[in-house]
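Okay, structure first, notes after.
The basis for the numbers below is simple: all heavy atoms, side chains too, and nothing from hydrogens, waters or symmetry mates. We count residues from 1, following the sequence as given. When a ligand or atom number is given, it counts from 1 through the structure's own listing order.
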Amino acid sequence: MRNNKRSSIASERDYKVEKEKSVPVSEYFGENTFNLKVMRKKLPKDTYRKVLEAINEQGVLDIETANIVAHAMKEWAISKGATHFAHWFQPMTGATAEKHDAFIEVIGPGEVIERFSGRQLVQGEPDASSFPSGGIRTTFEARGYTAWDIASPAFIRHNGISTTLCIPTVFISYNGEALDKKTPLLRSCKALSKSAVDMLKLLGVEGVNRVYSTLGPEQEYFLIDASFYHQREDLVLCGRAVQGAPPAKGQELEDQYFGSIKERISSYMHDVEEELFKLGIPAKTRHNEVAPSQFEIAPLFEEANLAVDHNQLVMDTMKLVAKKHRLACLLHEKPFAGVNGSGKHLNWSLADNRGNNLLNPGTTPQDNIQFLVFLIATVRAVYRHADLLRASVAGYSNDFRLGANEAPPAIISVFLGEQLTKILEDIEKGRVTKATDNAIIDLGISTLPILSRDNTDRNRTSPFAFTGNKFEFRAVGSSQSISFPTTVLNTIVAESLDELAAKIKAMKGKNVNQAVFDVIREEIKEIKPILFNGDNYSKEWEKEAARRGLPNAKTTPEALEALVSEKAMNLFSRYGVLTPVELKSRYLIHLERYIKDMEIDVKCLHNLIMGHVVPAAVNYLQKLADALIKSKEILGTGKELSNLEQLMKKVNSGLNKCLELDRAMMEDLSKAESIEDEKEKAFALCRKVKEKMSDLRAYADELETYIPDELWTLPKFWEMLFIS
Ligand code: ADP
Ligand code: MG
């Protein structure tokens with residue numbers, strides 16, 4: 001039993017972290033990365049040039065050059081205290097992985113030197129047999145290969161007293177199949193670049209040789225005292241509380257959002273940011289979120305590949321630093337039922353190699369034509385592949401959030417805001433027919449950035465919103481890697497751009513701008529069903545969306561089906577992003593993950609029910625029974641005791657319900673577990689077991705409100721959420 005539980009909460013004073021230095025950020029930003037600045041200093045001119053070319057995909061690094069880079073990298077890392085190097089990669093677990101090797105090489109009996117070769121830098125061969133591969137990598141070919149991603153800087157990781165040089169890599173099988181999240185992302189970046197450059201050429205834009213997607217992920221998270229965290233098996237194992245009554249006061253007073261940040265939290269954020277700055281991650285914004293103990297951190301946007309790596313590092317760093325502050329950082333999408341969940345708004349746009357944002361409405365007619373093309377191409381892509389976008393954010397934990405009336409629904413639609421919608425309507429209805437200078441300027445597009453930004457703030461319910469000069473994909477879960485959603489977005493937009501280009505080219509004899517304009521008009525008619533500016537939480541929208549034929553996959557097993565459709569197979573293989581085999585394997589990995597996550601949740605709930613809830617209820621019943629018997633003895637009659645009896649009955653019936661539903665849940669679980677077929681198993685868990693879980697939880701949560709605090713052995717929501 002939990003004794004004196006509140007004394008286990010340390011006071012704020014215990015955590016006052018001494019500030020190590022007061023150096024301006026600009027002076028140490030990126031100091032733990034082997035970035036261009038360091039390379040320029042440490043590498044011979046010629047080598048540096050070759051590295052730059054390789055980064056910009058204009059050349060491949062030869063082994064001599066790799067040797068020189070590796071040597072410089074090793075010297076630099078050792079000067080930072082590193083003893084080991086590791087290829088750092090992103091297997092399909094969703095987390096990152098690293099295998100450490102010491103820099104040592106034996107040169108004689110009992111004698112070593114530090115050495116790091118180009119070969120070791122460029123390629124690694126970790127045993128891959130324990131990573132999910134969805135059947136791609138058979139056990140006899142257990143090797144996986146890691147290959148250096150030169151575009152993402154190597155970095156130093158301190159962990160306790162150990163220091164390691166981490167080298168971002170892709171992770172592939174012997175046959176070159178992707179076993180990770182980075183490989184398809186890089187392929188999608190390439191595909192998008194090609195399609196976008198072709199489109200720009202068609203529009204008459206000169207001098208652009210590369211287009212890349214930019215990402216700014218807004219990361220939400222919860223912080224609770226570590227002592228509470230360690231008292232709850234569910235938080236430790238599932239990342240969420242599978243049982244717990246909501247606090248009497250949650251977020252209804254709206255006093256948390258953007259509120260002043262508590263000292264303990266502020267110190268934590270400071271420490272996190274300092275680490276991130278050293279890693280060259282531009283952490284820009286921090287604030288309190290809607291729920292108590294919920295916060296957000298948002299870096300400035302970066303090129304997709306880098307932003308994805310950085311988001312993984314942000315999540316890692318937040319967890320590590322939390323330990324130092326005796327906090328626990330919860331990244332789960334719905335750690336506490338009844339209060340706001342956590343997402344990761346993924347801001348996405350396109351930029352050319354000169355840094356121009358292609359979704360920025362411009363000031364000249366030419367800019368505006370270009371803006372319209374990329375805007376329509378994106379909306380069109382979302383319309384055609386809404387199912388894939390939904391699948392890209394599917395996962396057991398995100399199901400608790402999507403469609404739960406606080407996060408975007410599982411229906412993907414696009415919000416453009418009033419002004420832009422009006423402009424598209426004018427084009428569609430033929431009120432604007434000519435792509436002449438004035439007509440396009442008259443559309444008012446040049447004033448859009450300001451207008452639509454104001455506008456979008458009023459609609460926080462849309463899963464895919466245009467916010468002035470970028471799209472914001474809001475259905476991504478807080479714990480998810482942003483790699484796959486980005487891969488999907490990049491690929492579907494590449495396809496959309498190519499298809500629009502083909503249509504434009506088919507309008508022979510017209511001047512390009514007019515051809516573009518006419519194609520856009522046709523497209524607007526087509527893609528209209530995906531546009532929705534209203535309240536995405538409303539019941540009416542669900543009906544309306546069904547009428548419009550928009551997919552509404554409410555759960556992960558339903559959503560994942562989109563990955564193995566003909567349409568998806570064709571799309572991803574046409575763009576060289578994922579082969580049908582790779583796609584199928586990803587489908588299986590996600591399905592298996594869903595099953596495992598759910599099994600862990602169910603078992604955890606069972607353990608809490610039998611280990612805490614039932615014993616607490618039995619204890620209380622015993623006390624009530626004693627009280628009743630003694631009272632009857634003293635008072636002689638039972639009449640005045642009817643309320644006490646009522647209470648006893650209430651607790652008893654709650655206890656009964658818990659026992660009954662727990663048994664039913666465990667029976668359904670073992671039935672589901674005996675199903676061979678993974679898809680059927682996932683559906684059985686999703687349809688049957690999940691319902692039992694939530695019924696059981698409802699009874700347990702209600703019991704909690706009747707059982708005395710001293711008998712209740714689990715930390716309660718109010719204690720955990722209102723951090724001292
Ligand atoms: P809000 O909460 O109002 O949506 P934030 O400032 O919290 O805004 O986050 C906005 C995010 O969008 C930041 O990470 C920002 O860098 C990013 N962003 C801004 N412009 C772009 C762009 N062109 N491409 C991608 N992300 C962008
Ligand atoms: Mg924000």
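- Side-chain contact between Leu550 and Ile412 is absent, with no heavy-atom pair separated by less than 4.5 Å.
- Proximity to Asn357 (heavy-atom distance under 4.0 Å) selects the following atoms of ligand 1: 23 (N).
- Every atom of ligand 1 is numbered from 1 in the order shown, and the set under 4.0 Å from a heavy atom of Glu296 is 7 (O).
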For this session: For ring-ring contact (aromatic ring centres under 6.0 Å, His included), just list the numbers for Phe222 and Phe336, CA-CA rounded to whole Å, side-chain angles, deciding distance to a tenth of an Å, and then say yes or no.
Result: CA-CA 10 Å; Phe222 278 87; Phe336 304 103; 5.4 Å; yes
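- For the atom pair CZ (Arg157) and CG (Leu320), the distance works out to 5.5 Å, reported to the nearest 0.5 Å.
- For ligand 1, the atoms lying closer than 4.0 Å to a non-hydrogen atom of Arg460 are 1 (P), 3 (O), 4 (O).
- By the 30° and 60° cut-offs, the orientation of the rings of Phe471 relative to Trp348 is tilted.
- Here Arg286 pairs with Glu273 in a salt bridge; the nearest charged N to carboxylate O distance falls below 4.0 Å.
- Residue-level proximity to ligand 1 for Ala351 is absent, since no heavy atom of it falls below 4.0 angstrom.
- Using a cutoff of 4.0 Å between basic side-chain nitrogens and carboxylate oxygens, Glu425 and Lys422 are not scored as salt-bridged.
- Contacts with ligand 1 closer than 4.0 Å are made by no heavy atom of His345, backbone or side chain.
- For a threshold of 3.5 Å applied to N or O pairs, the pair formed by Leu215 and ligand 1 contains no separation below that value.
- For atom 7 (O) of ligand 1, the nearest non-hydrogen atom from the set Arg286, Glu302, Glu218 belongs to Glu218.
- The distance from ligand 1 to the heavy atoms of Thr214 drops below 4.0 Å at these ligand atoms: 22 (C), 23 (N), 24 (N), 25 (C).
- Ring planes of His590 and Phe484: parallel class, angle under 30° (limits at 30 and 60°).
- Of all atoms in ligand 1, listed by their number and element, those nearer than 4.0 Å to a heavy atom of Glu472 are 4 (O).
- Summarising the contacts of atom 11 (C) of ligand 1 with Ile297, Asn347, Leu300, the nearest heavy atom is found in Asn347.
- Below 4.0 Å from some heavy atom of Pro299 lie the following atoms of ligand 1, by number and element: 13 (C), 14 (O), 16 (O).
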For this session: Apply side-chain hydrogen bond (donor to acceptor under 3.5 Å, both in side chains) to the pair Ser342 and Gln294, showing each step before the final yes or no.
Result: CA-CA 8 Å; Ser342 297; Gln294 191 189 26; 3.0 Å; yes
